[in-house]
> 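My questions all concern the structure below.
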Amino acid sequence: MARLAVYPGSFDPIHDGHVDVIERAAKLFDTLIVAVFVNVGKTPRFSAEERLFLVRESTKHIPNIIVEQSEDLLVRYAQKRGAEAIVRGLRAVLDFDYEFQIALMNKKMAPELETVFILTGEKYSYLSSTLVKELASYHADISTLVPAAVAGALNDKFHGNRGSV
Ligand code: ADP
């Protein structure tokens with residue numbers, strides 16, 4: 001049977017650390033679904049449509065992935081899609097408590113689903129969507145931190161034009 005995994009996130013917006021996790025996780029499974037979640041607890045800077053578009057643009061080079069949006073509970077969504085694993089990225093100690101709690105809760109709700117952690121690439125360990133947005137708002141050069149489509153979108157969002165960031 002084909003091995004399917006889900007990589008969920010807000011991706012507000014997707015950055016090079018996410019793309020690195022996606023590229024590596026895609027090698028471990030037949031198909032990786034990157035799921036853009038509409039999280040009630042968060043107010044995103046980019047709309048769900050924008051986030052979905054940017055994830056698609058940034059992952060076009062990876063053949064075995066599907067990009068979708070979901071508003072469902074993660075484990076329910078993963079079960080409906082027939083996934084056997086949930087992929088999450090781990091940066092530093094900072095992520096651990098939160099990810100540990102979510103993974104255990106998900107395991108309690110869906111014991112057949114495994115959470116697989118991909119350790120961040122060394123050069124992305126400091127990278128977060130929040131930091132990228134903050135830098136972009138100050139006109140800092142973010143071109144080495146995010147895919148080209150995202151750099152353009154951030155520039156549009158914060159400065160309303162598409163010049164050099
Ligand atoms: P969420 O809102 O669900 O935390 P994010 O879009 O912030 O979603 O992140 C999605 C996943 O990617 C999370 O597992 C997060 O820990 C991971 N992640 C975020 N930034 C990085 C990074 N620089 N390196 C590796 N994983 C990362």
Side-chain angles (χ1 to χ4, degrees), residues 4-27 29 31-81 83 85-92 94-95 98-99 102 106 115-118 120-121 123-165:
L4 189 75
V6 175
Y7 177 41
S10 318
F11 303 110
D12 183 40
I14 186 168
H15 55 61
D16 287 350
H18 293 131
V19 176
D20 178 56
V21 169
I22 295 169
E23 285 172 347
R24 289 158 60 203
K27 290 185 188 146
F29 296 92
T31 303
L32 179 72
I33 303 179
V34 183
V36 177
F37 270 78
V38 180
N39 186 333
V40 283
K42 285 188 179 178
T43 311
R45 193 72 170 80
F46 288 88
S47 70
E49 292 69 32
E50 288 171 323
R51 287 181 279 143
L52 199 69
F53 172 78
L54 291 173
V55 172
R56 288 214 169 100
E57 283 296 303
S58 310
T59 55
K60 280 197 291 208
H61 59 291
I62 311 165
N64 58 328
I65 70 160
I66 295 171
V67 182
E68 286 182 356
Q69 181 189 324
S70 177
E71 293 176 25
D72 208 347
L73 182 70
L74 172 59
V75 289
R76 200 183 300 140
Y77 167 78
Q79 283 170 329
K80 275 189 205 154
R81 293 301 268 114
I86 294 167
V87 171
R88 294 289 287 175
L90 264 191
R91 277 163 298 192
L94 215 62
D95 281 335
Y98 175 74
E99 294 292 342
I102 303 284
N106 287 343
T115 299
V116 174
F117 291 105
I118 303 267
T120 184
K123 54 185 176 185
Y124 307 116
S125 57
Y126 56 88
L127 203 49
S128 70
S129 299
T130 305
L131 194 64
V132 162
K133 283 179 282 193
E134 192 164 341
L135 289 172
S137 76
Y138 286 105
H139 263 293
D141 181 8
I142 45 144
S143 58
T144 57
L145 308 176
V146 294
V150 178
L154 280 165
N155 201 31
D156 283 351
K157 185 73 67 186
F158 288 102
H159 309 294
N161 68 327
R162 267 186 184 258
S164 57
V165 180

> Show the nearest heavy-atom pair for residues Asp72 and Lys80, with the distance to one decimal.
OD2-NZ, 2.6 Å

> Is Phe29 close to Asn64 at the side-chain level, that is, under 4.5 Å between some pair of heavy atoms?
no

> Determine the minimum heavy-atom distance between Ala25 and Val87, stating which atoms define it.
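Residues Ala25 and Val87, closest heavy atoms: CB-CG1, 4.0 Å.
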
> I'd like to check Gln69 versus Arg51 (side-chain heavy atoms, cut-off strictly below 4.5 Å). Are they in contact?
no

> If every non-hydrogen atom of Val116 is compared with every non-hydrogen atom of Ala85, which pair is closest and at what distance?
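Here Val116 and Ala85 meet closest at CG2-CB, 4.0 Å.
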
> Is the shortest heavy-atom distance from the side chain of Ile22 to the side chain of Ile14 under 4.5 Å?
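Yes - at least one pair of side-chain heavy atoms lies under 4.5 Å apart.
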
> To the nearest 0.5 Å, what is the distance between OG1 on Thr144 and NZ on Lys123?
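Here the interatomic distance stands at 10.5 Å.
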
> Could you tell me if the side chain of Leu145 sits less than 4.5 Å from the side chain of Leu135, heavy atoms only?
yes

> Roughly how far, to the nearest 0.5 Å, is OH of Tyr138 from CZ of Phe158?
10.5 Å

> Determine, step by step, whether Asp95 and Phe117 satisfy the side chain to side chain contact (heavy atoms under 4.5 Å, CB included) criterion, reporting the C-alpha distance in whole Å, the side-chain angles of both residues, the deciding distance to 0.1 Å, and the verdict.
CA-CA 11 Å; Asp95 281 335; Phe117 291 105; over 6 Å; no

> Would you check if the side chain of His159 reaches a backbone N or O of Ala136 as a donor-acceptor pair within less than 3.5 Å?
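Checking the backbone N and O of Ala136 against the side chain of His159, a donor-acceptor pair under 3.5 Å is found.
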
> Output yes when a side-chain donor or acceptor of Ser129 lies under 3.5 Å from a complementary backbone atom of Pro13, and no otherwise.
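Between the backbone of Pro13 and the side chain of Ser129 there is a qualifying donor-acceptor contact (under 3.5 Å).
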
> Would you say His15 and Val150 make side-chain contact, with heavy atoms under 4.5 Å?
no

> Could you go step by step and tell me if Asp12 and Lys133 meet the salt bridge (charged side-chain N to carboxylate O under 4.0 Å, His left out) rule?
CA-CA 9 Å; Asp12 183 40; Lys133 283 179 282 193; 2.9 Å; yes

> Return the CG to CZ distance between Leu4 and Arg81, rounded to the nearest 0.5 Å.
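CZ of Arg81 is found 6.5 Å from CG of Leu4.
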
> Kindly compute the distance separating CG (Leu52) from CZ (Phe46), expressed to the nearest 0.5 Å.
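The CG atom of Leu52 sits 13.5 Å away from the CZ atom of Phe46.
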
> Could you state the interatomic distance from CD1 (Ile142) to CG (Asp16), rounded to the nearest 0.5 Å?
10.0 Å

> I need the minimum non-hydrogen distance between Gly89 and Val21, along with the two atoms involved.
CA-CG2, 4.3 Å

> Decide whether Ser143 and Asp141 meet the rule of one side-chain donor and one side-chain acceptor closer than 3.5 Å.
yes

> Could you tell me whether the side chain of Val36 reaches within less than 4.5 Å of the side chain of Ser70, counting heavy atoms only?
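Side chain of Ser70 against side chain of Val36, heavy atoms only: no contact under 4.5 Å found.
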
> Write down the atom of Glu50, the atom of Arg45, and the distance for their closest heavy-atom approach.
OE1-O, 4.4 Å

> Compare every heavy atom of Leu54 with every heavy atom of Ala149, then report the nearest pair and how far apart it is.
O-CD2, 3.6 Å

> Is the closest side-chain heavy-atom distance between His18 and Tyr7 below 4.5 Å?
yes

> Quick check with a 6.0 Å cut-off and a 45 degree axis cone: is Arg88 positioned over the face of Tyr98's six-membered ring?
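Ring-cation test returns no.
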
> Is it the case that more than 12 heavy atoms not belonging to Phe53 sit under 6.0 Å from its CZ atom?
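It does not: Phe53 CZ has 12 such atoms or fewer within range.
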
> What distance separates Ile65 CD1 from Arg56 CZ, expressed to the nearest 0.5 Å?
9.5 Å

> A side-chain contact here means heavy atoms from C-beta on lying under 4.5 Å apart; do Ser128 and Arg91 qualify?
yes

